[in-house]
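The first residue in the sequence is number 1, and the count goes up from there.
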Amino acid sequence: EANEGEMASDTDEKEDTIATEDIKLEGAQEVDPNAMAAAQEGAAEREAAYRAVLVSARDWVPVQLDGADGGSATAPTSTPAHIPGALDVQVDSTTITRWKERRGGELERMIATGAVALLDAKWVIRLARQDGRFKPRQALPDEAFLSLTQVQAATAGLELPVVCVSHPWLQPEHPDPHGHNLQTLARALEALLEDELLCNGTAGVFYDFSSMHQKCRRANGSAGDEIIGFDPSLRGGVGRYASEQALFTQALHDVSVLFSHPHTHVWKLTELPPDYDHELQYKQSGNRAPYEERGWCFCEQLLAEMMKSGYLVLDLGKIGSWVNFWDMQSVCSDVRRAPMLPSRVAAELQNKSFTNGRDRPIVARIYAEGFAKRWGEVEEIDYSYLDWGDMEARLLGDVLRKIRAPNLKKISLSLNSIGPEGTVALAEGVKGLKGLQALVLDRNEIGAEGAIGFAKRMKNMKALQY
């Protein structure tokens, strides 16, 4: 069985819905039935205890992705106060107001139900200082995670205290077996936590391997330190409990919300370890493509760049020396691409690298969900000062021409390098947005030709004021 490196989804396999039965793996050795029965009895007890904590998992069937196992879409009948083991804290009304103003409500269901568990940034920093390693979510201690109220309490002035990590898995069974990316991430988190404008004391970290339920449970139900199926000693394991699989399936939807949210941070770990090609350090198998060629990474960065302010999307592969977060931001800021239609992304994904090719349509669907949500609700978009030219203007015009954006009132494209051709392409795109009130194009390279072409196409834009 080939587990996907970047999240090990395998969502179209029937085995994923089996909680305590033996999962047959290609090349697996036969298991003693008596020994397996004893192991399954212990696994069943662990499963029952897990369900007792995750109250919502009893009656909740998650929304189904195309090709994923599951049932009809229903909402949770109840939600636990916090994820297992995390502590609830009191949150003052001013902080709750800031949380709501930054649309933190979009994250509440995924955290409260346990579909997603956010790591405590302070715990991640301590792990790096101790030269530790990330483990699957089920194998981590309770203190590794933040409850919903702890995340809310960390909300400060500007953005949500949530960092989403986009990274290529360095091995199929473990994304960072030697802690290379952990050290980089911890250093950046230290800079973030020092800035009181961005977080209050700590931040929640979404790191897929440790924030989503992984297929790591051995035959006796205990959680291993990596994904099963690659280590012969772990073959015949449970993988995920049924309740964990249900939450994992829901979490796949949540990926689009987390990465595309206008007020979450997205940090990209784009640099491969210097010894990545050393066969004694890393197995020379699985998906070994660079960051830009990975399908999951491609989707995550496009979601992140869609609506966010520039300083919220950083490339930690450019890591250098800095004094504070804003120094880090100036060093690690990245080129921002124009948004792409889901159909174009689906076509691009055909040429991207996956450990498990079955994830390709799942990733395309995740992008489409995030795209539809953000464009359906957005009121203002600021693409100023990005050094965009005619190519980016054409891509944006194509998106604007084909989408439904009923709430979009203002588009800012100041301080770019858009010429006559790009200006006309933009005009073709926006002329169907009847509610658009402002299109800001100052300090570009429009010229007389572009201005005339633009004006001709704006005749019926009654709501447009400037």
Please list, chain by chain and in numerical order, all residues satisfying side chain to side chain contact (heavy atoms under 4.5 Å, CB included) with [X], sequence neighbours excluded.
| X | answer |
| --- | --- |
| Val331 | none |
| Leu127 | Trp123, Phe134, Leu182 |
| Cys299 | Leu303, Val363, Ile366, Tyr367 |

Residue pair [X] / [Y], side-chain heavy-atom distance below 4.5 Å:
| X | Y | answer |
| --- | --- | --- |
| Tyr241 | His213 | no |
| Lys402 | Leu341 | yes |
| Thr184 | Trp267 | no |
| Asn444 | Trp388 | no |

Arg337: salt bridge (Lys or Arg N to Asp or Glu O under 4.0 Å) partners, not counting sequence neighbours: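 Testing Arg337 for salt bridge (Lys or Arg N to Asp or Glu O under 4.0 Å), a comparison that skips the adjacent residues, returns Glu292, Glu305.
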Check this for me: does any side-chain nitrogen of one of [X] and [Y] sit under 4.0 Å from a carboxylate oxygen of the other?
| X | Y | answer |
| --- | --- | --- |
| Glu106 | Arg374 | yes |
| Glu173 | Lys283 | yes |
| Glu369 | Arg365 | yes |
| Arg394 | Glu421 | yes |

Pair [X], [Y]: side-chain N/O donor-acceptor within cut-off below 3.5 Å:
| X | Y | value |
| --- | --- | --- |
| Trp296 | Asp359 | yes |
| Thr149 | Ser147 | yes |
| Arg98 | Thr95 | yes |
| Lys308 | Thr264 | yes |
| Thr97 | Glu101 | no |

Plane angle bin for Trp375 and Phe371 - parallel if under 30°, tilted between 30 and 60°, otherwise perpendicular: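 If you compare the ring of Phe371 with that of Trp375, the planes turn out tilted.
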Pair Tyr207 and His167, ring centroids less than 6.0 Å apart: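 Yes, the ring of Tyr207 comes within the 6.0 Å limit of the ring of His167, centre to centre.
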Output field: ring centroids Tyr282/His178 closer than 6.0 Å: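 Between His178 and Tyr282, which both carry aromatic rings, the centre distance is below 6.0 Å.
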Neighbour count >12 (heavy atoms, 6.0 Å) for atom NZ, Lys100: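 12 or below, so no.
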Arg294 to Ala289 - nearest heavy-atom pair and separation: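 Closest heavy-atom pair between Arg294 and Ala289: NE-O, 2.6 Å.
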Residues which pass side chain to side chain donor-acceptor pair (under 3.5 Å) with Tyr383, listed by chain and number, not counting sequence neighbours: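 Per chain and number, Tyr383 pairs via side chain to side chain donor-acceptor pair (under 3.5 Å) with no residue.
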Atom pairs and distances, donor-acceptor, side-chain atoms in residues 455-462, under 3.5 Å, two or more places apart:
{"residue": "Arg457", "atom": "NE", "partner": "Glu428", "partner atom": "OE2", "Å": "2.7"}
{"residue": "Arg457", "atom": "NH1", "partner": "Gly453", "partner atom": "O", "Å": "2.8"}

